[in-house]
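Below you'll find the structure, written out as structure tokens, and then a few comments.
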Amino acid sequence: MSTSSGRQLTLPPWPQFDEAERAGLVRALEQGQWWRMGGAEVDSFEREFAMHHGSEYALAVTNGTHALELALQVLGVGQGDEVIVPAFTFISSSQAAQRLGAVAVPVDVDPETYCIDVAATQAMITPRTRAIMPVHMAGHMSDMDALAKLSADTGVPIVQDAAHAHGARWQGKRVGELGSVAAFSFQNGKLMTAGEGGAVTFPDRELREEAFLRHSCGRPRADRLYFHQKSGSNFRMNEFSASVLRAQLARLDSQVDTREERWPVLAARLAEIPGVVTQSRDDRCDRKSHYMAMFRIPGITEQRRNELVDALVGAGLPAFAAFRAIYRSDGFWESNAPNETVDEIATRCPNTEAISTDCIWLHHRTLLATEEQIHQVADVVAETLARS
């Protein structure tokens, strides 16, 4: 990417790897067992990941969508139940519930943090509500104090969609210390990755053992007679992926530290650009993992926003349009959708409508750049917006 000074700006690549990943892959290869039932990599990764996130128990799975589905399933979510999800999220949040036969009920998000609106959530709870799924958007933790109180008052459990929140904290507590099930993603763009993969953390052993059975076709670990105790599927992670993720986990904290240092610099520069408003932060989220660097341009049309994203990509930035409101995708309506129209949902989700139209995000590798490069990134955004 050429900056205004004519210098070439090369942002850090993603994924990142070094000899630790290579050594892990060789270790997995040479152990002679490449699936989790005979190898040691998945078991080791689960222990390390759980410890890192303040949980006693973790289960590695095939991807983040399966992690959400499994988390809901072990809490008893099934046919005809309702799961409350933010309307502004990647569609896996709703599809995980819908594939279990549950109705996904979208609610609006906070206009500043882009996380689930607790008051809107409370308003949509019914006797059929079986779970509430806050999404820690871009690594900013949802209001876990208010959600914990709502859960306690209603008896509806929380499933944290922590696909963006590796290493994040809420008032000093890591995701696994908040008393609820949480699902993570290791897809190629995530904060740690093996190309694909996921994990679920659990507050107690019983839920973890239930999940283990269901993620392995209902078959106990030591079974030799094909006695399948539960209905399930094959969500098992392989040994090669786990070996890579162990290396990725080892550098997660230092990368989050760098992003925490760089984001205030970028946010301050972006805030100087007329019309640009960055994602804000609740001080109780004392460690944000910054999966995305998000900013809005209120009043811009969706078409112009999309053209601006294209221009930023053309200038070399890893820029993306924000998630489409889940109820504005055909896939949301294919099965187990709420008994409402698109317009009815949109009316009660005005913040989602606006953010989905005017928001742009930059991939987190941007925040691994040097401080000088961060200033150059802001210059490119300003110059591109001025020309558009």
Do other residues, nucleotides or ligands put more than 12 heavy atoms under 6.0 Å from the [atom1] atom of [X]?
X    : atom1 : answer
R236 : CZ    : yes
E206 : CD    : no
M51  : CE    : no
W34  : CH2   : no

| Are the side chain of T384 and the backbone N or O of V380 linked by a donor-acceptor pair below 3.5 Å? |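 Yes.
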
| Regarding R251 and the six-membered ring of W14, is the cationic atom NZ or CZ under 6.0 Å from the ring centre and inside 45° of its axis? |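 Judged by the rule, R251 and W14 form no cation-pi pair.
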
| Full working for side-chain hydrogen bond (donor to acceptor under 3.5 Å, both in side chains) between D223 and H228 | CA-CA 8 Å; D223 175 66; H228 300 261; 5.3 Å; no

| said: Determine whether D143 and W170 satisfy the following criterion, side-chain hydrogen bond (donor to acceptor under 3.5 Å, both in side chains), listing intermediate values before the conclusion. | reply: CA-CA 8 Å; D143 187 343; W170 177 261; 5.0 Å; no

| field | Output field: ring centroids H215/F235 closer than 6.0 Å | value |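 For H215 and F235, the ring centres are not under 6.0 Å apart.
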
| task | For this output row, return yes or no: ring centroids of Y114 and H140 closer than 6.0 angstrom. | result |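 Not under 6.0 Å, so no.
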
| Are R36 and N238 close enough that some pair of their side-chain heavy atoms sits under 4.5 Å apart? |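 Answer no - side chains too far apart.
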
| query | With under 30° as parallel and over 60° as perpendicular, where do the rings of F49 and H166 fit, or are they tilted in between? | reply |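 Taking H166 first and then F49, their aromatic rings stand perpendicular (interplane angle over 60°).
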
| Is the W361 ring parallel, tilted or perpendicular to the Y291 ring (thresholds 30°, 60°)? |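 Ring orientation, 0 to 90° scale: tilted.
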
| task | Taking only Lys NZ, Arg NE, NH1 and NH2, and the carboxylate oxygens of Asp or Glu, determine whether E340 and R348 approach each other closer than 4.0 Å. | result |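 Between R348 and E340 there is a salt bridge, with a charged N closer than 4.0 Å to a carboxylate O.
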
| side chain to side chain contact (heavy atoms under 4.5 Å, CB included) between R305 and I297: does it pass, once the steps are laid out? | CA-CA 8 Å; R305 186 275 311 271; I297 309 172; 5.9 Å; no

